[in-house]
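This report concerns only the one structure given below.
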Amino acid sequence: MTEMALPKLFDRAAGAEPHAYRTSLCGEDILSVDQFDREKLWYIFSRAHEMREVVEDSGGADLLKGRVLTCLFYEPSTRTSASFIAAMERLGGSVIPITQGVQFSSVSKGESLPDTIRTLEQYSDVIVLRHPEIGAAKVAADYASIPVINAGDGAGEHPTQALLDLFTIQEELKAIDGLQIAMVGDLRFGRTVHSLTKLLSQYKVTLRFISPDILRLPLSLMNQLRDQGMDVREGHEVGEVIETADVLYVTRIQKERFTDMAQYEEVKDLYEITPELMKRAKPKMVVMHPLPRVGEIHYSVDADPRAAYFRQVKNGMYIRMALLAAVLGRA
Ligand code: ASP
């Protein structure tokens, strides 16, 4: 495939060949964003650009013909599962979808995760796993001899979402360095926040975290950012960041992670992005959300050109096409 002309941000290291990136992802598990440095990000983003062209030109390609993906989801999903399925099918591959019916599989008979994984790998070339427990993807990867991609492990990480989030920021604003990114909502349980924050810590950005006290970013992650010398600040109100933010990354309060429902009731309606609030934001500010939204962004904001969350969804498919091709050695 031809090399794309990309913004400076994604310039490869001098002298490095694309082949090196390809081979470094081939056969790899994708468990955490910690696996991605700026060079690997450049590689994935440039391939995602190509995937967009392929889809726009001809709907897809035969790059993964004969390859099989198993989508194994122990938690609900719309976008992540559908976009992995779409990505695989647009590249000519096929999918074993265990996305809505884990309760109808042998899991409901008490089968362990390792046994389920060691079974499904007999049929497939790559497994995409979502699981309610932090670290489950790592456990699966330890047992599997084929690549495992973490599609969300409890309140841990969601690396492929973070890749598409970062790609969206780049696509929308044509840069990442120099931006102020404000994250709003459930920063404690929101795995997309954890992964995106870690990726952003590789850039010269300022980070603002807006949440109620009980949903602050985990201290270990905050300390990591501070140790790196990053400009980070926490607050409680969206009004504190609405005029300065370049990106407003809004998240859902993760009801399913609360053990005390009274606490959830206290915080569930704290934030709502409205057209009135948007009037105070920069003309080029971008509103993002990993979705689903359950009241954090008023529907009337959707018509605002700064609302990027559905473009973000589409970017997810291109990123996952790029990732599947890379992991399966067919970039
Ligand atoms: N879809 C995202 C996730 O799976 C965000 C959310 O559920 O709120 O983490």
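When a ligand or atom number is given, it counts from 1 through the structure's own listing order. Quick note: residue numbers are just sequence positions, from 1. Just so you know, these numbers come straight off a predicted model, no measurement behind them.
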Checklist entry - Does even one non-hydrogen atom of Ala151 get within less than 4.0 Å of ligand 1? => result no
Item to check | Nearest neighbour in protein (non-hydrogen) for atom 7 (O) of ligand 1 | outcome: Arg252 NH2, 2.9 Å
Checklist outcome for this item: Looking only at protein heavy atoms, what sits closest to atom 4 (O) of ligand 1 is Arg191 NH2, 2.8 Å
Item to check | For Arg188, all residues meeting side-chain hydrogen bond (donor to acceptor under 3.5 Å, both in side chains), sequence neighbours excluded | outcome: none
Next on the checklist: So is Glu75 touching ligand 1 or not, going by heavy atoms under 4.0 Å?
Outcome noted: no
Item to check | Residues Asp37 and Gln202: side-chain donor-acceptor under 3.5 angstrom | outcome: no
Checklist entry - Going by distance only, is there an N or O of Glu256 that falls short of 3.5 Å from an N or O of ligand 1? => result no
Next on the checklist: Once you restrict to heavy atoms under 4.0 Å, what part of Gln254 touches ligand 1? Side chain, backbone, both or neither.
Outcome noted: side chain
Checklist entry - So, for Ile117 and Ala144, which heavy atoms are closest and what is the spacing to 0.1 Å? => result CG2-CB, 3.7 Å
Item to check | Atom indices of ligand 1 within 4.0 angstrom of Thr192 heavy atoms, with elements | outcome: 2 (C), 9 (O)
Checklist outcome for this item: Tightest non-hydrogen contact, residues His194 and Leu187, listed as NE2-O, 3.0 Å
Checklist entry - If you measure only the distance, is there a donor-acceptor pair under 3.5 Å linking the side chains of Glu121 and Ser145? => result yes
Checklist outcome for this item: atom 1 (N) of ligand 1 sits nearest the protein heavy atom Leu291 O, 2.9 Å
Next on the checklist: Can a side-chain donor-acceptor contact be found between Tyr143 and Asp115 if the only test is distance below 3.5 angstrom?
Outcome noted: no
Item to check | Atom indices of ligand 1 within 4.0 angstrom of Arg130 heavy atoms, with elements | outcome: 4 (O)
Checklist entry - Where do Arg330 and Asp125 land on the salt bridge (Lys or Arg N to Asp or Glu O under 4.0 Å) test, with the steps shown first? => result CA-CA 12 Å; Arg330 297 301 309 275; Asp125 301 293; over 6 Å; no
Next on the checklist: Any heavy atom of Gln161 closer to ligand 1 than 4.0 angstrom?
Outcome noted: no
